[in-house]
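Just so it is clear: chains get the letters A, B, ... in the order the sequence lines come, proteins before strands, and each one is counted from 1.
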Amino acid sequence: MQQDSAQNGTPIVFFGTQTFACHILQGLLQSPFFHVSLVITQPDKPVGRKKVLTPSPVKTLAQSFEIPTETPNSLKNYQIPPGSPALAVVAQYGKIIPESILNSFSMGVINVHTSLLPKYRGASPIQSAIVNGDTQTGVTIMLMDVGMDTGPILSYETLRILPDDTYPEVDQKLANIGSELLLQTLPKVLDGTITPQKQNDSEATACKMLSREDGKIHWDTMKANHIYNLYRGLTPWPGVWTTLDGLRLKLHKITPSEKGIPAGVLLFEDGKIYVGAMEGSIEILDLQLEGKPSMNAQTFINGFQKYNHAHLI
RNA sequence: CGCGGGAUAGAGCAAUUGGCAGCUCGUCGGGCCCAUAACCCGAAGGUUCCCGGUUCGAGUCCGGGUCCCGCAA
């Protein structure tokens, strides 16, 4: 679309996959000082029951701007095309970038990471911060090295996590901050006015890739506020869930409650649904039973009165 | 043909061995009340997803099809 006006900017190769990466890419595309000449993203993946091949959000965005895209299955034996830019930007790419690729960029590979490094190195920094009940996180821009988010820091900016923020909200805020911070940081990298700061490895923490199992609620060992944090961090995926009558029960929307109820017991009262936790309790606002559509609390109660006082496992 | 659950009133769910299709909520009307989304009384609302088969009789049993959902990927 407007790529003509951007043709003159510093050329960049962009690595990214998810929506956060889209925002970062968008920022670069709108800047007259940079020109994204190649986008490398993950291959199209089968999605849903019908296994429809779906391109990553970044690929879709790049194509709409008619930017060439590459989707290598593995970067291990991948070679950056000759004549590519000397600078690369990485955001939520989702795969390890091997040393051989890093070395292909003489001006360096810049990573936008969604935590205050060295905290939360790894795959799920935003979710982990929320799940742990942190009240602050941020974006760090760093120079990549061979380790997992271990490179020297170029710049960072903090963000307060509000008590009711969920993952998509924090992700969105960090995307805005990160995009702006990147555009401020890159020129300083290019003219050498930033001195990269080595990370303090002794303060480092790691976070793993999330799985569906991480969203399982253990009513008798989890406190209500922990469950609420888990819900906020794992929304919308993998989400929090439990089992009722041998069926998977997804909790789409919950909030902490003061009700005194035994752990794991379901209670219908005044059109509302409550469940007891190890300490405190949870009110369920929207939920979905396996094989059934998603519904709100009142609707669920209308049809499933038999589950009043049932026990969740 | 990866595994499994489902489709019944506007919504969510029942319906025994095949035998008058019900419940909760909502909607509409009336009543009560200073008032109410609260409470009481009443009413409307159905091609039981589609096509075919078995039967005196099918929401229910058999065959085929469409759609939704939970896993898995």
Is atom NZ of A/K272 surrounded by more than 12 heavy atoms (other residues, nucleotides or ligands) closer than 6.0 Å?
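Not buried by this count: 12 neighbours or fewer within 6.0 Å.
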For the CG atom on A/D270, are there more than 12 heavy atoms of other groups (residues, nucleotides or ligands in this structure) within a distance under 6.0 Å?
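No.
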Write down the atom of A/H23, the atom of A/S179, and the distance for their closest heavy-atom approach.
O-OG, 3.8 Å
Using the [atom1] atom on both, measure [N] against [M] and round to a whole Å.
N	M	atom1	answer
B/U16	B/A11	C1'	27 Å
B/G26	B/G18	C1'	33 Å
B/A73	B/C67	P	25 Å
B/G31	B/C68	C1'	42 Å
B/C1	B/G65	C1'	15 Å
B/C61	B/G2	P	26 Å
B/G70	B/U60	P	27 Å
B/C49	B/A44	P	23 Å

Can you list, by residue number, the residues of residues 240-255 of chain A that have a non-hydrogen atom closer than 4.0 angstrom to RNA chain B?
A/R248, A/K250
Strand-adjacent residues in residues 288-313 of chain A, judged by heavy atoms under 4.0 Å from RNA chain B
A/Q288, A/E290, A/G291, A/K292, A/M295, A/T299, A/N302, A/G303, A/F304, A/Q305
Does some side-chain heavy atom of A/I282 sit less than 4.5 Å from a side-chain heavy atom of A/W219?
yes
Looking at side-chain heavy atoms only, is the closest gap between A/T205 and A/K119 below 4.5 Å?
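Side chain of A/T205 against side chain of A/K119, heavy atoms only: contact under 4.5 Å found.
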Regarding A/E180 and A/N176, is there a side-chain donor-to-acceptor distance under 3.5 Å anywhere?
no
If we ignore hydrogens and angles and just use 3.5 Å, is the side chain of A/R232 paired with the main-chain N or O of A/D165 as donor and acceptor?
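Confirmed, A/R232 side chain pairs with A/D165 backbone.
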Below 30° counts as parallel, above 60° as perpendicular, anything between as tilted: where do the rings of A/F268 and A/F300 land?
perpendicular
Quick one: do A/I284 and A/I227 end up in the same hydrophobic cluster if we chain Ile, Leu, Val, Met, Phe, Trp and Tyr together by side-chain heavy atoms under 4.5 Å apart?
yes
same_hphob_cluster(A/L182, A/M144) at 4.5 Å side-chain heavy-atom cutoff:
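No.
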Electrostatic pair A/D44:A/K59 at N-O distance under 4.0 angstrom
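The answer is yes: the pair qualifies as a salt bridge.
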A/D286 CG - B/A11 C1' separation (whole Å):
14 Å
Distance, rounded to the nearest Å, where A/I273 contributes CD1 and B/G12 contributes P
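So the CD1-P distance, A/I273 to B/G12, works out to 15 Å.
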Give RNA chain B the dot-bracket treatment, 5' to 3': Watson-Crick (N1-N3 with N6-O4 or O6-N4) or G-U (N1-O2, O6-N3) under 3.5 Å, [ ] crossing, | other strand.
.((((((..((((.....[..)))).(((((.......))))).....(((((..]....)))))))))))..
Presence of A/R212 side-chain N/O under 4.0 Å of B/G70 phosphate oxygens OP1/OP2
no
